[in-house]
Amino acid sequence: MKHTRQSKKEQNIAQLNEKSLSELESFPVRSSLEENIEILEHLFQDCSDFVLREFQLKDSVQACAVFVDGLIDTQSVNEALRGLMILKGGRESIRSIEHEVLPVSQISEVTSYKDFLSAVLGGDTGILVDGNDIALTLGIRGAEKRSVNEPEGEAVVRGPREGFIENIRTNTSLLRRKLKTPRLKMKSIVVGKESNTNLVVSYLEGIVDPALRDEVISRIEHIEIDAVLESGYIEEMIQDNALSPFPQVQYSERPDTVAAALLEGRIAIFVDGTPMVLIVPTTFWMMMQANEDYYERFQMATLVRWLRYLFLAISLVTPAGYVAISTFHQEMLPTTLLLSIAAARESIPFPAIVEALIMEISFEALREAGIRLPKTVGQAVSILGALVVGQAAVQAGIVSAPMVIVVSITGIASFTVPHYNASIALRMLRFPLMFAASFLGIYGILVGILLIMGHMANLRSFGVPYLSPLAPMSIGDFKDVLIRAPWTIMEKRPSFTGVEDEKRLNTASINKSRQTSD
């Protein structure tokens with residue numbers, strides 16, 4: 001009898017070896033616990049973190065707990081197993097386990113290995129009972145995770161200090177605390193053949209455009225890739241124009257920023273394993289706005305926005321303008337300044353364009369080194385490196401002092417752009433403009449700017465024009481573009497996102513309360 005059992009087991013293993021992993025994952029859960037264990041052991045051979053904990057129910061009914069070590073809450077699993085071991089067994093005991101025994105709030109029934117493995121590899125604990133072709137998954141996850149801290153990349157003087165982390169459920173709960181309404185929907189999607197990464201598409205029902213919602217979900221569901229390790233994978237595959245240097249998807253690690261975006265009829269995409277939440281659609285003007293604009297008084301916010309636009313122009317065209325003027329248009333400078341620049345460039349062996357390239361490339365290298373090095377070293381390297389390299393280059397006669405000043409001003413100006421991916425676009429476009437200036441002077445810069453503006457006017461983010469509400473023009477939405485109007489004036493949400501419910505503020509009641517108090 002023992003020999004027959006061993007022979008049958010060997011036959012089963014031989015049959016399993018002939019099946020591919022995808023075929024095994026499509027199997028339904030077997031009623032025989034022995035077969036289930038054989039399948040799981042075959043699927044997870046050489047996986048030291050995969051645990052099969054066999055045990056008996058009270059009446060010698062065989063059962064097995066399945067989990068991944070490090071992804072579960074060990075104490076909760078022990079309590080669940082203790083409750084199972086005192087259960088009165090039977091072939092129909094799976095229902096008793098679910099409804100009478102297990103002290104777990106989240107329990108799901110699964111009948112296929114695909115759903116069972118997806119839950120277990122996501123951190124749930126699976127329960128298999130002999131004689132039952134239904135498995136249970138218990139939501140008692142306990143993986144280590146980072147605490148909620150202030151986002152370093154989006155620091156504010158006034159505003160919340162909490163930021164998203166790498167755990168998707170923690171992130172959705174942070175958003176739920178901001179928007180305590182059943183209209184906040186969160187649709188779950190799994191992407192990645194090997195990673196099975198959990199995504200959540202979040203929106204406010206009754207505000208978001210249903211066509212936009214369906215388009216976002218459709219683009220995500222059509223992604224076929226082996227793994228999604230960060231939200232950047234999703235961003236690159238759902239954007240309208242992958243060849244454009246301008247970002248068509250905004251990202252943030254601040255719950256208040258995401259909540260504000262949803263209230264404007266936009267959509268947030270959470271990706272498990274990253275604190276960066278994607279926001280679509282987006283426009284160029286949104287990239288120049290910071291969440292703190294809405295926490296300070298509107299006069300200050302408007303002034304800061306004007307400064308951002310000014311420094312954006314400085315960051316984009318200052319090196320190219322210096323190359324054009326020093327090469328072709330010296331008559332544009334006052335005589336004293338011209339003589340000073342000429343004296344500084346007298347001993348420089350390179351033309352202005354080569355000077356600009358040397359300094360710009362050196363500055364970009366120092367900035368990249370400052371980011372990649374440890375924090376304790378990175379800041380010192382970036383600051384001291386810029387000072388030492390700039391001073392040494394001037395003394396060696398490789399570049400002129402005015403060029404060092406121009407590049408320094410350009411670098412400082414680029415830091416005023418609130419969103420990092422928008423500043424990257426300016427850094428990339430700076431080089432073509434410098435080359436255009438070296439060939440055609442000011443005319444080359446003008447042609448380059450016209451080409452950039454034409455490209456931006458033709459760009460779309462999920463069907464929304466990138467320069468909305470400037471092109472096409474929408475006068476009603478100008479209250480939150482070049483200026484930040486008072487809240488009492490911004491009664492309606494931006495219309496270019498196609499929102500269903502435009503009204504967000506009842507100014508009549510506010511004015512009435514003011515009159516009553518007067």
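In this chain, residues are counted from 1 in sequence order.
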Can you check whether [X] reaches [Y] side chain to side chain, under 4.5 Å on heavy atoms?
X	Y	result
Val66	Val51	no
Val190	Thr197	no
Asp480	Arg484	yes
Ile483	Arg305	no
Ile238	Tyr233	no
Asp73	Arg141	no
Glu54	Ile37	yes

Exercise for the section: For residues Ala65 and Leu81, report the shortest heavy-atom separation together with the two atoms involved. Expected result: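 In this case the closest contact between Ala65 and Leu81 is CB-CD2, 3.7 Å.
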Test item: [X] side-chain N/O and [Y] main-chain N/O as donor-acceptor pair under 3.5 Å:
X	Y	result
Thr416	Ala413	yes
Ser244	Asn241	no
Arg213	Val208	no
Trp285	Leu482	no

Would you tell me whether [X] and [Y] have side-chain atoms, one donor and one acceptor, within less than 3.5 Å of each other?
X	Y	result
Arg266	Gln250	yes
Arg367	Ser414	yes
Arg430	Thr410	no
Ser252	Glu154	yes
Tyr466	Asp240	no
Tyr295	Asp256	yes
Ser118	Asp115	no
Ser195	Asp226	no

Can you tell me how far apart [atom1] ([X]) and [atom2] ([Y]) are? Round to the nearest 0.5 Å.
X	Y	atom1	atom2	value
Thr282	Gln248	OG1	CD	9.5 Å
Leu470	Met456	CG	CE	9.5 Å
His455	Leu243	NE2	CG	9.0 Å
Gln239	Leu459	CD	CG	9.0 Å

Would you call [X]-[Y] a salt bridge at under 4.0 Å N-O?
X	Y	result
Asp293	Arg308	yes
Lys178	Glu162	yes
Glu491	Lys503	no

Exercise for the section: Have a look at Phe270 and tell me which of Leu199, Leu175, Asn198 forms a side chain to side chain contact (heavy atoms under 4.5 Å, CB included) with it. Expected result: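 So the option named by the test is Leu175.
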Handout entry: Listed partners of Phe44 passing ring-ring contact (aromatic ring centres under 6.0 Å, His included), at least two apart
Key =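 Result, ring-ring contact (aromatic ring centres under 6.0 Å, His included) vs Phe44: Phe50.
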Handout entry: Listed once per pair and sorted, the ring pair (Phe, Tyr, Trp, His ring centres under 6.0 Å) pairs that draw on residues 175-209, sequence neighbours left out
Key =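 The answer is none; no pair qualifies.
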Exercise for the section: Assign the ring pair Phe415 / Phe363 to parallel, tilted or perpendicular, where the plane angle (0 to 90°) is split at 30° and 60°. Expected result: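 Rings of Phe415 and Phe363: tilted, as their planes differ by 30° to 60°.
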Practice task
Report the C-alpha separation of Ser32 and Asp130 in whole Å, then their side-chain angles, then the decisive distance to 0.1 Å, and conclude whether the side-chain hydrogen bond (donor to acceptor under 3.5 Å, both in side chains) test is met.
Solution key: CA-CA 5 Å; Ser32 169; Asp130 192 26; 4.7 Å; no
